[in-house]
Colleague: 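There's a structure below that I have some questions on.
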Number of protein chains: 2
Amino acid sequence: MLEPVTLAQVAREAGVSPSTVSRILNGTANVAPDKRVRVEAVIARLNFRPNPQAQALAGGRSLTIGVVTPSLHSTFYGEALAGIEAALNDTPYHPIVISGQWRTEREQEALNVLLARRVDAVILLGGIVDDEVLRPLAQRVPIIAVGREVQGLGESCIVLDNALGMRLIAQHLLSLGHRQFAYISGAERQSDAMARKAAFLSCLHEAGLTPPPALMEVGHYLEDGGQGAAERLLATGLPFTALVCANDQMALGARLALYRAGRRVPDDVSLTGFDDVVTSRLMTPPLTTVRQAIYDIGVSAAHEALKLLDGQPAQRHVFTPELVVRDSTAPPRRPS
Amino acid sequence: MLEPVTLAQVAREAGVSPSTVSRILNGTANVAPDKRVRVEAVIARLNFRPNPQAQALAGGRSLTIGVVTPSLHSTFYGEALAGIEAALNDTPYHPIVISGQWRTEREQEALNVLLARRVDAVILLGGIVDDEVLRPLAQRVPIIAVGREVQGLGESCIVLDNALGMRLIAQHLLSLGHRQFAYISGAERQSDAMARKAAFLSCLHEAGLTPPPALMEVGHYLEDGGQGAAERLLATGLPFTALVCANDQMALGARLALYRAGRRVPDDVSLTGFDDVVTSRLMTPPLTTVRQAIYDIGVSAAHEALKLLDGQPAQRHVFTPELVVRDSTAPPRRPS
DNA sequence: TTGAAAGCGCTAACAC
DNA sequence: GTGTTAGCGCTTTCAA
């Protein structure tokens with residue numbers, strides 16, 4: 001195992017002091033052109049890269065940004081991670097990602113690990129950990145929350161207009177003539193899940209409709225949850241011509257339940273999602289949903305983190321969703 | 001921003017020297033029981049966690065394992081990442097993941113960044129970077145290659161029996177009575193893609209069949225690639241009753257092309273994948289494929305990396321795939 | 001068994 | 001502009 005080159009070696013070879021090399025590396029101060037040229041040549045020749053651990057220790061910054069995601073193998077959060085990584089690409093910062101695996105205590109531990117690693121900032125993707133936990137943490141490190149409102153975190157939340165998104169879906173289905181709805185929600189403790197559900201219900205109320213409680217199910221935003229919920233909905237025997245899912249992943253699970261039950265989409269049941277993850281356009285039939293520019297949201301989150309680190313104030317973002325009509329919705333066969 | 005607790009503070013509060021605290025932390029030497037108790041109490045009270053940067057600098061190990069993945073939002077590699085993360089969970093090591101975005105130069109850069117970060121080992125998931133690049137790297141840091149053979153890397157490759165997997169698929173379709181096949185392959189430069197293709201062709205030859213070259217397409221292992229390839233296959237006008245895809249993601253894309261073309265699955269065309277990613281059982285119809293325990297492969301990769309770091313020799317793993325028959329395959333309607 | 005002291009590779013005052 | 005000098009928080013000889 002070859003030993004890595006150090007800054008001291010570079011300095012020696014170039015006949016300058018370590019500080020000069022450091023200054024050139026960081027642009028901290030002016031350096032005479034001839035020395036700069038000499039040093040840069042040596043750096044290139046030796047293929048020198050500064051040791052980030054040493055930089056972190058000496059500089060008090062670790063040049064890393066911690067990211068907590070509920071899951072590493074989620075189509076949805078995966079896109080956000082890709083956006084974050086891309087946005088950090090041309091900066092000295094690097095993301096370090098830990099998953100909370102949809103469990104509160106794991107998420108807590110993930111945050112602790114990141115703190116121990118002395119990350120310079122934290123980006124929290126969704127997540128189920130309590131606001132109470134986050135607030136004290138925000139005293140130790142700048143936090144950007146994505147897809148959730150954290151009371152007391154001020155402007156550093158990046159959210160989607162969930163109510164608008166769900167209204168677009170509901171109005172689309174209502175205008176197709178649907179009157180009998182079933183709904184699969186995310187978990188109670190997730191603020192965006194509650195926002196979507198509330199918007200759905202209020203839209204229906206405005207149209208003079210109230211879905212029976214038995215047709216309001218919970219699927220925890222996961223594929224399996226959506227499948228189970230759809231199975232329970234079908235088992236009620238209650239009629240519905242449209243099945244509204246609070247995210248695309250649950251719609252995918254629900255699709256399987258409908259397939260197994262022999263219900264055709266959209267002929268027998270119209271199906272909708274929320275998020276427009278990459279795989280939704282590949283479903284059979286392609287899914288009508290609401291586009292949440294999750295990759296861009298990831299990019300924004302990274303930018304906000306960088307701004308915070310640069311001493312600038314964070315700026316609240318509210319992304320606007322967009323209806324994407326595909327083949328999974330159609331007028332009900334027998335309008336009731 | 002509260003200042004983190006340091007080892008020196010702990011030592012002072014407990015009335016011992018820093019070295020003693022360090023020894024307790026690392027189990028490096030025996031410590032008198034009473035001091036140990038006192039120190040541990042202080043650690044707990046102050047919620048002290050050692051600074052990993054400082055540990056890295058002083059100890060010469062960064063306690064991180066670099067992971068290079070082609071993509072952060074891939075159902076397939078996402079599972080592997082989850083496996084790696086889980087396996088490292090109860091160790092002092094942490095993964096740091098960088099994506100190569102399916103581009104050689106990015107992958108190279110990812111490896112360089114990880115080296116600069118002084119990772120203690122590297123796990124390379126698939127990837128398209130040349131073996132030539134990997135071999136010198138292996139001198140600087142232990143490397144585990146997953147899903148590809150790297151000549152010269154010795155035992156530290158974890159692979160799947162691709163030939164067996166493809167044989168299972170081909171034999172399944174042949175036994176259903178299919179005689180007219182189309183095939184969508186991964187890229188030329190990926191050794192596993194070539195292994196699967198070779199196995200497919202040899203299986204067909206044994207059955208006395210040779211698919212026309214126009215029905216052998218390339219889809220680069222991605223959804224869009226599969227869709228495009230399937231569109232080109234359909235455009236040839238040549239008949240085929242079974243469409244074999246070298247991975248599930250391409251099968252998903254191909255499914256959309258078939259849907260758009262009005263070809264029913266499996267009535268008009270039987271469709272198969274490879275990998276059994278989590279979403280394949282959720283396709284409409286659920287996909288017949290070959291299961292590659294990718295999560296477990298991730299776990300193994302992490303274990304091998306830990307063994308290497310522990311000075312033990314790596315051990316070559318060859319995982320055995322398993323046929324998973326679902327609804328996307330059926331006998332051809334008009335056996336030709 | 002324990003403490004003192006040196007040093008990991010770098011940055012940042014501080015002088016010159 | 002540039003070099004010298006202290007550390008950053010930890011581990012690890014080396015003595016005691």
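In the text below, chain A, chain B and the rest are named by the order of the sequence lines, each starting its count at 1.
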Colleague: Closer than 4.0 angstrom, basic N to acidic O: yes or no for A/Glu109 and A/Arg106?
Modeller: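 Salt bridge flag = no for A/Arg106 with A/Glu109.
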Colleague: Check whether the side chains of B/Glu85 and A/Ser99 place a donor and an acceptor atom closer than 3.5 Å, and report yes or no.
Modeller: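 There is such a pair (donor and acceptor under 3.5 Å, judged by atom type) between the side chains of B/Glu85 and A/Ser99.
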Colleague: Within a strict 4.5 Å, meaning less than it, do heavy atoms of the B/Pro52 and B/Leu63 side chains meet?
Modeller: no
Colleague: Is the base of C/dG9 touched by the side chain of B/Arg118 through a donor-acceptor pair closer than 3.5 angstrom?
Modeller: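 There is none.
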Colleague: For A/Arg36, is there any backbone N or O sitting under 3.5 Å from a side-chain donor or acceptor partner on A/Arg38?
Modeller: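 No, A/Arg38 side chain to A/Arg36 backbone: no donor-acceptor pair under 3.5 Å.
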Colleague: Are side-chain heavy atoms of A/Thr104 and A/Val133 found at a separation under 4.5 Å?
Modeller: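 The answer is no, as the side chains (C-beta and beyond) never meet within the 4.5 Å cut-off.
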Colleague: Report, as yes or no, whether the 6.0 Å neighbourhood of atom CZ on B/Arg61 holds more than 12 heavy atoms from other residues, nucleotides or ligands.
Modeller: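 Atom CZ in B/Arg61 is not packed in, count stays at 12 or less.
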Colleague: Take atom CD of B/Gln55 and atom P of C/dG9, then tell me their distance rounded to the nearest Å.
Modeller: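 Roughly 17 Å, once rounded to whole Å.
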Colleague: Nearest-Å distance, CD (A/Gln9) to C1' (C/dC8)?
Modeller: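 Checked: the CD to C1' distance equals 13 Å.
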Colleague: Grab the CZ-P distance between A/Arg61 and C/dC10 for me, whole Å please.
Modeller: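 After rounding, the reported distance stands at 14 Å.
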Colleague: When the nearest nucleotide of DNA chain C is assigned to B/Val16 and to A/Thr28 on a heavy-atom basis, which residue is associated with the more 5' position?
Modeller: B/Val16
Colleague: Rounded to whole Å, please give me the gap between CZ in B/Arg117 and P in C/dC10.
Modeller: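 For the pair B/Arg117 CZ and C/dC10 P, the rounded distance is 14 Å.
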Colleague: To the nearest Å, give me how far apart CZ (B/Arg23) and P (C/dT1) are.
Modeller: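 My rounded result for the distance is 11 Å.
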Colleague: Need to verify one output field. Residue with the more 5' nearest nucleotide on DNA chain C, B/Ser17 or A/Leu57?
Modeller: B/Ser17
Colleague: Starting at atom CZ of A/Arg49, determine the distance to atom C1' of C/dG9, rounded to an integer number of angstrom.
Modeller: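 One finds 17 Å between C1' of C/dG9 and CZ of A/Arg49, rounded.
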Colleague: May I have the distance from B/Leu63 (atom CG) to C/dC8 (atom P), rounded to whole angstrom?
Modeller: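 One finds 19 Å between P of C/dC8 and CG of B/Leu63, rounded.
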Colleague: Quick check: any donor-acceptor pair below 3.5 Å linking the side-chain of B/Ser19 to the base of C/dA4?
Modeller: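 A donor-acceptor contact between them is present.
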Colleague: For DNA chain D, which nucleotides open and close the run of contacts to chain B, 5' to 3', at under 4.0 angstrom from a non-hydrogen atom?
Modeller: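 Listing 5' to 3', DNA chain D meets chain B from D/dG9 to D/dT12.
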Colleague: With sugar-phosphate meaning primed atoms plus P, OP1 and OP2, does B/Ser22 contact a base, only sugar-phosphate, or nothing at under 4.0 Å between heavy atoms?
Modeller: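 Touches a base.
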Colleague: Report the distance from atom CZ of A/Arg12 to atom P of C/dG9, rounded to the nearest whole Å.
Modeller: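 These atoms are roughly 11 Å apart.
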Colleague: OP1, OP2 of C/dT1 versus side-chain N and O of B/Thr20: anything below 4.0 Å?
Modeller: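 No, because none of the side-chain N or O atoms of B/Thr20 sits under 4.0 Å from OP1 or OP2 of C/dT1.
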Colleague: Assess, by modelled atom type and distance only, whether the side chains of A/Ser17 and A/Thr20 contain a donor and an acceptor separated by less than 3.5 Å.
Modeller: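 Their side chains do contain a donor-acceptor pair, which is all the 3.5 Å distance test asks for.
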